[in-house]
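Each remark here refers to the structure printed beneath this line.
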Amino acid sequence: MSVPKSITAEIAQLRKELEQHNYLYHVLDAPQITDQDYDRLFRRLQQLEQEYPQLVSQDSPTQRVGSAPASHFETVTHEVAMLSLDNAFADEEMLDFDRKLRERLEQEVELAYCAEPKLDGLAVSLLYEAGELVRAATRGDGRSGENITANVRTINSIPLKLRGDVIPRRIEVRGEVYMEVAALAALNRTQLESGGKVFANPRNAAAGSLRLLDSRITASRPLTFCSYGIGQNEGVELPLSQYRQMLYLRDIGLPISRLIERLDSVSACLKYYRRILSAREKLAFDIDGVVFKLDNIAWQREAGFVSRAPRWAIAYKFPAQEVTTRLLDVDFQVGRTGALTPVARLEPVAVGGVMVSNATLHNMDEILRKDIRIGDLVIIRRAGDVIPEVVAPVVQQRDAELELPQMPSHCPVCGSEVLQQSGQAVFRCVGGLFCAAQRKEAIKHYASRKALDIEGLGDKLVEQLIDLGLIDSVADLYDLTLEQLCGLERMALKSAQNLLDALDKSRATTLARFIYALGIREVGEATAEALAKYFADITPLFDADIESLQRVEDVGPVVADNIRHFFDQAENRAIVERLLQKGVNWPRGDAGQHQQAQTLAGKTYVISGSLEGMSRDQAGALLKARGARVSGSVSAKTTALIAGDSPGSKLAKAEALGVEIIDQTGFNRLIEGSLPGDE
Ligand code: 5U1
């Protein structure tokens with residue numbers, strides 16, 4: 001079938017556009033069209049290529065879907081060996097590395113380095129000839145690896161064709177294939193659902209996905225790529241700076257790290273290390289350190305190699321987030337809602353710079369799925385401030401019959417029965433507030449920062465108060481006396497008085513915080529806020545039926561049921577009533593969303609400084625009840641700054657931006673003005 005000229009032209013135009021949008025998205029991180037628009041272009045190209053198969057070309061953006069399974073991977077010999085990296089674990093080792101390099105190069109001046117994060121993935125080599133991806137290989141042992149071209153072609157951030165005017169005859173690009181943290185979590189969820197293998201970390205996920213013989217499966221894996229260097233090259237004069245070589249790679253269409261920097265000295269490297277370490281948790285991908293490479297390529301050549309690693313590069317590793325240790329036992333901890341969480345008791349081990357002897361095992365399903373047994377060698381992960389968790393057992397090291405942990409039939413704290421609700425993974429103690437563990441957790445929650453924020457009432461103190469029988473419920477907190485507190489372990493007179501003051505202060509709160517503080521199952525801050533806005537008081541909640549509860553934003557049948565169940569317990573109602581008698585209060589005069597006029601809808605306020613007779617939280621609640629948004633920082637979008645006494649820097653910022661400033665009287669008017677019947 002002959003092809004009309006207009007079709008050939010349209011196909012060429014679609015490919016060009018799609019390549020450009022791929023580049024904008026994957027390399028420059030600056031997409032210019034929506035995903036839907038991209039998909040529309042892509043589908044049109046697919047349709048034309050189906051109609052005119054003679055026009056399909058290997059480098060078309062549609063040719064990434066994978067192909068029929070191969071029987072094995074062929075071996076590829078690396079013409080330029082793929083080296084490994086030496087490591088540093090402390091500043092002194094970095095300084096030592098820099099000093100030795102300067103001595104070897106006979107340089108007295110500071111050395112400049114190219115710096116980038118070290119990704120937790122799999123190293124690959126990509127060979128481009130005349131701008132076309134012709135081969136991709138794993139690192140293997142550094143001298144030879146496996147030909148994984150079919151799999152690598154499915155990775156969208158790897159260009160099938162290079163771009164720009166200066167395309168080398170031949171260039172081999174090296175880098176890391178990895179998976180972003182969220183992508184890995186999503187993949188593991190689908191793997192679990194389909195009974196497939198769950199990956200412990202991005203490196204395993206990348207390696208497992210690239211070593212599949214069926215590239216159609218690889219195509220479904222959310223892999224991505226970042227370049228970090230150039231192997232062999234022909235037909236192009238590369239810049240003699242590592243950093244500028246990386247910019248060149250970006251120009252010809254390859255993704256490089258967005259965090260790459262050229263640094264003037266080793267002391268700048270140490271600062272970069274700390275900066276990236278503190279940003280580590282916020283990154284979308286896992287990294288295990290930073291890599292520094294001498295920027296001057298001529299000096300790289302002069303420095304040369306030692307065994308399998310270059311003398312001119314080093315990986316300064318972060319404290320390990322994953323280590324192995326022995327699982328000594330499994331205990332069950334009872335939470336606020338009675339849920340029993342298995343906790344691993346471990347042989348103490350340093351992870352992420354902290355000694356760890358306990359880690360969560362989440363729930364029984366996880367234990368069974370991961371087949372974790374008491375006595376196993378296990379992998380522990382501790383990322384940032386997150387509770388350490390047991391990732392997996394090292395099954396290869398299991399050399400005896402080991403027992404699976406057993407869920408106890410009775411609560412280890414109060415002896416009540418432990419039951420599993422049908423269709424749920426969790427087991428719960430049915431003891432409710434009879435169970436000391438649940439009472440302790442309920443009180444810790446009530447005192448927590450996002451609830452009543454009672455300063456000085458920490459976990460240990462709550463445990464002591466319950467264990468000594470000084471309190472039974474949150475309402476008892478307000479009966480505590482100075483004498484009782486002074487008699488406690490490590491409690492000086494001043495701290496005791498401070499705690500009483502904090503308890504007194506906590507009485508003035510907002511309705512949303514109060515609802516949240518009650519610890520109703522699955523009622524988080526946002527739901528508490530929506531309930532407060534809708535009902536405007538606590539008593540309507542006592543008898544609200546399931547139907548009216550479900551009219552509240554985000555409240556579905558399960559949450560409505562939990563709320564109903566909570567208020568159906570006579571003891572819970574009694575506690576709430578006692579709290580009100582003890583003086584816990586919030587700004588009144590607010591008739592609830594269904595009656596309250598939304599006079600401030602669409603407006604955004606910032607509150608700064610102290611207001612008469614109410615906290616900033618309370619003032620914010622009054623504004624929100626009238627439909628306003630309350631923000632923490634002043635911007636050009638702020639309607640007005642409500643400035644109480646000592647408003648601080650926000651006042652200057654509002655003045656600079658020309659944002660209206662409202663004082664206490666203006667605020668009162670704003671609130672009163674929108675009270676029903678005030679007109
Ligand atoms: N970011 C980065 N990772 N990485 C790994 N750069 C880098 N360089 C490497 C390796 C193995 O090797 C070259 C220094 C040869």
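In what follows, residues are counted from 1 in the order of the sequence shown. In listed order, ligands and their atoms are each counted from 1. Note that the coordinates shown come from a computational prediction; the quantities given were computed from them, not determined experimentally. Side chains are part of it too, since the values below use all heavy atoms of this structure and drop only hydrogens, waters and symmetry mates.
Ring geometry for Tyr178 versus Phe285: interplanar angle over 60°, hence perpendicular rather than tilted (30 to 60°).
Counted within 6.0 Å of CD on Glu74, heavy atoms from surrounding residues, nucleotides or ligands total 12 or fewer; the atom is thus considered open. By the neighbour-count criterion of 12 heavy atoms within 6.0 Å, atom CD of Gln333 is sparsely surrounded, having that number or fewer from other residues, nucleotides or ligands.
Interatomic distance, Glu172 CD to Asn233 CG, rounded to the nearest 0.5 Å: 9.5 Å.
Residue Pro117 touches ligand 1 through its backbone alone, judged by heavy-atom distances below 4.0 Å.
Tyr228 CD2, 3.5 Å is the protein heavy atom nearest to atom 3 (N) of ligand 1. Protein heavy atom closest to atom 1 (N) of ligand 1, with residue, atom name and distance, is Glu116 OE2, 3.0 Å. Of all protein heavy atoms, the one closest to atom 11 (C) of ligand 1 is Leu83 O, 3.4 Å. Atom 6 (N) of ligand 1 has as its closest protein heavy atom Lys293 NZ, 2.9 Å.
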Gln321/Arg280 under side chain to side chain donor-acceptor pair (under 3.5 Å): CA gap, chis, key distance, verdict: CA-CA 11 Å; Gln321 286 185 312; Arg280 181 189 200 182; 3.1 Å; yes
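Heavy-atom contacts of Ala313 reach the following atoms of ligand 1: 14 (C) (cutoff under 4.0 Å).
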